[in-house]
Chemist: 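My questions all concern the structure below.
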Amino acid sequence: MYQHIKVPTQGQKITVNADNSLTVPDEPIIPYIEGDGTGTDITPVMLKVVDAAVAKAYGGKRTIHWMEVYAGEKSTRIYGPDVWLPEETLHAVRDYVVSIKGPLTTPVGGGIRSLNVALRQELDLYVCLRPVQYFRGVPSPLKEPEKTNMVIFRENSEDIYAGIEYEAQSDKARKLIKFLMDEMGVKKIRFPDTSGIGIKPVSIEGTERLVRKAIQYAIDNGKPSVTLVHKGNIMKYTEGGFRDWGYALAQREFGAELIDGGPWCKFKNPKTGKDIVIKDSIADAFLQQILLRPAEYSVIATLNLNGDYISDALAAQVGGIGIAPGANLSDTVAMFEATHGTAPKYAGKDYVNPGSEILSAEMMLRHMCWTEAADLIISSMERAIQSKKVTYDFARLMDGATQVSCSGFGQVMIEHM
Ligand SMILES: NC(=O)C1=CN([C@@H]2O[C@H](COP(=O)(O)OP(=O)(O)OC[C@H]3O[C@@H](n4cnc5c(N)ncnc54)[C@H](OP(=O)(O)O)[C@@H]3O)[C@@H](O)[C@H]2O)C=CC1
Ligand SMILES: O=C(O)CCC(=O)C(=O)O
Ligand SMILES: [Mg+2]
């Protein structure tokens, strides 16, 4: 029994089978977190659009029973001032298997640590999956935005996001710096008395489970390559490790063979017989390559911080973070969320593009194998954009566009279903 979560009186849980596939009832209960800031604008629109797509696709045979669960500012209003992520929210998200969330605020500098990161870590949602594709008619800064077609696999549980960080001049920072200097022979902390200190764990297991998912995705979806993006020239034992362990996994588990002595390697996709190339790119060079030669990249496997930067950069290439969806996945639990944040200056104005969260819901429907409803979301999004009735972010870059509100765009999508 939950304290504040109201379980719908109708509907059933989605369950996970022994092989990690899902059994999805016709009336699943799906938890959602509204989110802070513009989450309050976009989440209700997402719910409405998804309900319309499901109703249209299945004529009443299937229905989602939404169950609100709480995190962030709304949670502090309901559970008490210090309760940002209630235990029962974590329980519900785990127990109901598939969920969706709006963005949550993280203060810069001090204050609470990221709730978004906490959700991923607590539930061990180790894959952050962010597809980046172009919708015809979307304004983009590129001449040929359709050449950007990538899927990012961002490692979601390790790296600098583990939160091992100590404030400058705190007892813990001083203690750690002293340990590093006295016992580890570290001589290169330029200003030891005033340095904050961060530590980044990157493991073999963490790398392998992420890279395995990326390669399997390339196999299942007939993709030509997987690129390991890292900064291994500078961070040899974390980012360099990620690269080396990724290549080793491709050879050991997928039978990849070195190309011209390596380190690139390739193997035949067992489903199509076509080559899948495993390659790598240093993160700074990668960020210029995706602009200049985007067609050369397909599936991207990368560490947590690189993946964060790359997600927004690639989203910009196809029109911005107004239509950048994502999923956080473990082997069993899936939580869908947009790539963007709470965009606080627009909060409560019914203004921003709800597209990212709607497309995250589209990924959710596909994950549930509700393909017809997912397809309807894609086709109505395409038609809405082509009708040029769009939110401010597209309207300001499109000739002849009519600017509509956040809820207005949802309505345009529903009219085009
Ligand atoms: N997963 C999550 O919940 C995430 C949470 N955050 C958090 O969000 C807060 C704000 O972060 P911030 O750095 O401002 O990043 P945001 O992603 O919230 O916003 C940055 C800019 O992106 C554009 N943008 C964002 N959302 C939309 C949308 N729905 N439609 C159209 N354009 C959009 C706006 O651009 P313009 O100004 O050009 O209109 C906005 O100013 C922080 O607390 C951060 O930690 C950040 C990222 C992810
Ligand atoms: O947790 C946050 O506040 C930011 C997270 C983020 O930027 C992301 O996941 O892309
Ligand atoms: Mg980000």
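Numbering of ligands and ligand atoms starts at 1, following listing order.
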Chemist: For residues Y70 and H4, establish whether the separation of their ring centroids is below 6.0 Å.
Modeler: no
Chemist: Within a radius of less than 6.0 Å around CG of D19, do more than 12 heavy atoms belonging to other residues, nucleotides or ligands occur?
Modeler: yes
Chemist: Heavy-atom count check: over 12 atoms from other residues, nucleotides or ligands less than 6.0 Å from K147 NZ?
Modeler: no
Chemist: Find out whether Y58 and D26 are in side-chain contact, i.e. whether some heavy atom of one side chain is under 4.5 Å from a heavy atom of the other.
Modeler: no
Chemist: Please, which pairs that meet side chain to side chain donor-acceptor pair (under 3.5 Å) have at least one residue in residues 192-214, sequence neighbours excluded?
Modeler: D124-R209, S157-R209, E158-S203, D159-K200, K200-E239, E208-R252, R212-E253, K213-D331
Chemist: Less than 6.0 angstrom separating the ring centers of W264 and Y247, yes or no?
Modeler: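 So the answer is no for these two rings.
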Chemist: Is there a side-chain hydrogen bond (donor to acceptor under 3.5 Å, both in side chains) between R154 and T302 once you walk through the steps?
Modeler: CA-CA 5 Å; R154 166 190 179 192; T302 192; over 6 Å; no
Chemist: Please assess H230 against D280 for the test side-chain hydrogen bond (donor to acceptor under 3.5 Å, both in side chains), listing each intermediate value before the final yes or no.
Modeler: CA-CA 8 Å; H230 59 86; D280 75 288; 2.7 Å; yes
Chemist: side-chain hydrogen bond (donor to acceptor under 3.5 Å, both in side chains) for H65 and E27? Distances and angles first, verdict last.
Modeler: CA-CA 7 Å; H65 296 277; E27 300 199 13; 2.7 Å; yes
Chemist: Looking only at non-hydrogen atoms, find the nearest pair between S99 and V93 and report the distance.
Modeler: OG-CG1, 3.6 Å
Chemist: With a sphere of 6.0 Å drawn around CG of N17, does it hold more than 12 non-hydrogen atoms of other residues, nucleotides or ligands?
Modeler: yes
Chemist: Taking atom NZ as the centre, does K74 end up with more than 12 heavy-atom neighbours from other residues, nucleotides or ligands that are less than 6.0 angstrom away?
Modeler: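 Yes - once you tally the heavy atoms of other residues, nucleotides and ligands closer than 6.0 Å, there are more than 12.
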Chemist: Decide if atom CD of E372 counts as having more than 12 heavy atoms of other residues, nucleotides or ligands within a radius under 6.0 Å.
Modeler: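 Yes - once you tally the heavy atoms of other residues, nucleotides and ligands closer than 6.0 Å, there are more than 12.
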Chemist: What protein N/O/S atoms lie closer than 2.8 Å to the Mg ion (ligand 3)?
Modeler: D308 OD1
Chemist: Quick check on ligand 2: any N or O pairs to the protein under 3.5 Å? One line per pair.
Modeler:
{"unit_1": "ligand 2", "atom_1": "1 (O)", "unit_2": "S114", "atom_2": "OG", "d": "2.5"}
{"unit_1": "ligand 2", "atom_1": "1 (O)", "unit_2": "N116", "atom_2": "ND2", "d": "2.9"}
{"unit_1": "ligand 2", "atom_1": "3 (O)", "unit_2": "T106", "atom_2": "OG1", "d": "2.5"}
{"unit_1": "ligand 2", "atom_1": "3 (O)", "unit_2": "N116", "atom_2": "ND2", "d": "3.3"}
{"unit_1": "ligand 2", "atom_1": "7 (O)", "unit_2": "D308", "atom_2": "OD1", "d": "3.2"}
{"unit_1": "ligand 2", "atom_1": "7 (O)", "unit_2": "D308", "atom_2": "OD2", "d": "3.4"}
{"unit_1": "ligand 2", "atom_1": "9 (O)", "unit_2": "R120", "atom_2": "NH1", "d": "3.0"}
{"unit_1": "ligand 2", "atom_1": "9 (O)", "unit_2": "R120", "atom_2": "NH2", "d": "2.8"}
{"unit_1": "ligand 2", "atom_1": "9 (O)", "unit_2": "R130", "atom_2": "NH2", "d": "3.3"}
{"unit_1": "ligand 2", "atom_1": "9 (O)", "unit_2": "R154", "atom_2": "NH1", "d": "3.0"}
{"unit_1": "ligand 2", "atom_1": "10 (O)", "unit_2": "R130", "atom_2": "NH1", "d": "3.1"}
{"unit_1": "ligand 2", "atom_1": "10 (O)", "unit_2": "R130", "atom_2": "NH2", "d": "3.1"}
{"unit_1": "ligand 2", "atom_1": "10 (O)", "unit_2": "R154", "atom_2": "NH1", "d": "3.3"}
{"unit_1": "ligand 2", "atom_1": "10 (O)", "unit_2": "D308", "atom_2": "OD1", "d": "2.9"}

Chemist: Which parts of the protein, at residue level, reach under 4.0 Å of ligand 1 through a heavy atom?
Modeler: K101, P103, L104, T105, T106, N116, R120, I321, G322, E337, T339, H340, G341, T342, A343, P344, K345, Y346, V352, N353, Y392, D393, R396
